[in-house]
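Structure record follows, encoded as structure tokens.
Scope of the values below: all heavy atoms of this structure, side chains included, with no hydrogens, waters or symmetry mates. The residues of the chain are indexed from 1 along the displayed sequence.
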Amino acid sequence: MRMSKLGINVAIALCAIAVQAMAQGGAKQSGDALMGTWKLNLAKSKYAPGAAPESSVVTREELPNGFKSTTHTVYGPGKITHYDYTAYYDGKDYLVVGDPARDQVSMKRVSERIVDTVSKKAGKVSSNTRLEVAPDGKTMTTTIRTTDAAGKEQVRVQYYDKQ
């Protein structure tokens, strides 16, 4: 049975809403600025080179000296990425499940509002990322630095709004 394009888009939208609702219901309140549910603000985000997703929601649950992160991103009909990891601010590598761009992540806490991460794929560094929450706690900037095949640095800046 084939679904129409409208049917696929409706199914994707319902899935994203369900994931967000579950995340909001399951996430406990925290004093940590990085925790909670964050929705990608496409209008502010910069994706060049590369295509921007249609939507993305990140949910973080606080752990002692770390967090559990779940990300659900829709790139288009039938193109969805859902991944998660649990990591600590100790600089050690932790498993990432479901992300085609990485299979490990390590984190270091820079301040109460800033975390630096190093992502790896098959043991090789694939990106360096800084997560930074604004002083008011309402927005977060994620700056992702990668290197393309020619050795040129690529920078993607994503802006998220707290939900």
Step by step, would you call D116 with R130 a salt bridge (Lys or Arg N to Asp or Glu O under 4.0 Å)? CA-CA 5 Å; D116 285 338; R130 174 161 279 194; 2.7 Å; yes

Do the ring planes of Y89 and F67 sit parallel (below 30°), tilted (30 to 60°) or perpendicular (above 60°)? perpendicular

How far apart are the closest heavy atoms of S126 and A101, and which atoms are they? OG-O, 3.3 Å

Flag the pair L63 / Y88 as yes when at least one side-chain heavy-atom distance between them is below 4.5 Å, and no otherwise. yes

Which atom names give the shortest non-hydrogen contact between A33 and W38, and what distance separates them? O-CZ2, 3.3 Å

Nearest heavy-atom contact between D136 and K138 is OD1-N, 2.9 Å

Could you state the interatomic distance from CZ (R60) to CG (D84), rounded to the nearest 0.5 Å? 13.0 Å

Grab the two heavy atoms, one from E153 and one from V155, that are nearest each other, plus how far apart they are. OE1-CG2, 3.8 Å

Do you know which two heavy atoms are closest between D103 and A122, and how far apart they sit? OD2-N, 3.0 Å

Rounded to the nearest 0.5 Å, how far does OG of S106 lie from CG of D90? 8.5 Å

Walk me through whether T81 and Y75 qualify under side chain to side chain contact (heavy atoms under 4.5 Å, CB included). CA-CA 8 Å; T81 301; Y75 292 96; 3.4 Å; yes

Approximate separation, where rounding is to 0.5 Å, of S127 OG and R145 CZ: 11.5 Å

Please examine the side chains of P135 and R113, heavy atoms only from C-beta on, and report whether any two atoms are closer than 4.5 Å. yes

Rounding to 0.5 Å, atoms CD (Q158) and CG (L40) come to a distance of 6.0 Å

I want to check something: taking the side chain as every heavy atom from C-beta on, are V58 and Y160 in contact at a cut-off of under 4.5 Å? yes

Is there a side-chain contact between I144 and T146 in this structure, where contact means two heavy atoms from C-beta onward sitting under 4.5 Å apart? yes

Considering all heavy atoms, the nearest P53-L42 contact: O-CD2, 3.2 Å

Does CD belonging to Q154 count more than 12 external heavy atoms closer than 6.0 Å? yes

When you compare the side chain of T73 with that of T71, does any pair of heavy atoms fall below 4.5 Å? yes

State, with a plain yes or no, whether a side-chain heavy atom of K120 is found less than 4.5 Å away from one of R102. no

Enter the distance from S69:OG to Y94:OH here, rounded to the nearest 0.5 Å. 15.0 Å

State, yes or no, whether a side-chain contact exists between V115 and L34 at a heavy-atom distance under 4.5 Å. yes

Taking 4.0 angstrom as the limit, do D32 and R109 come out as a salt bridge? yes

Start with the C-alpha gap between T70 and H82, add the side-chain angles, then the distance that decides, and say whether side chain to side chain contact (heavy atoms under 4.5 Å, CB included) holds. CA-CA 7 Å; T70 302; H82 182 88; 3.5 Å; yes

Flag side-chain contact, heavy atom, 4.5 Å: Y83 against P100: no

Under the criterion side-chain contact (heavy atoms from CB on, under 4.5 Å), which of V96, D93, V105 is the partner of S119? V105

Distance in Å, N41 CG paired with D161 CG, rounded so as to fall on 0.5 Å steps: 4.5 Å

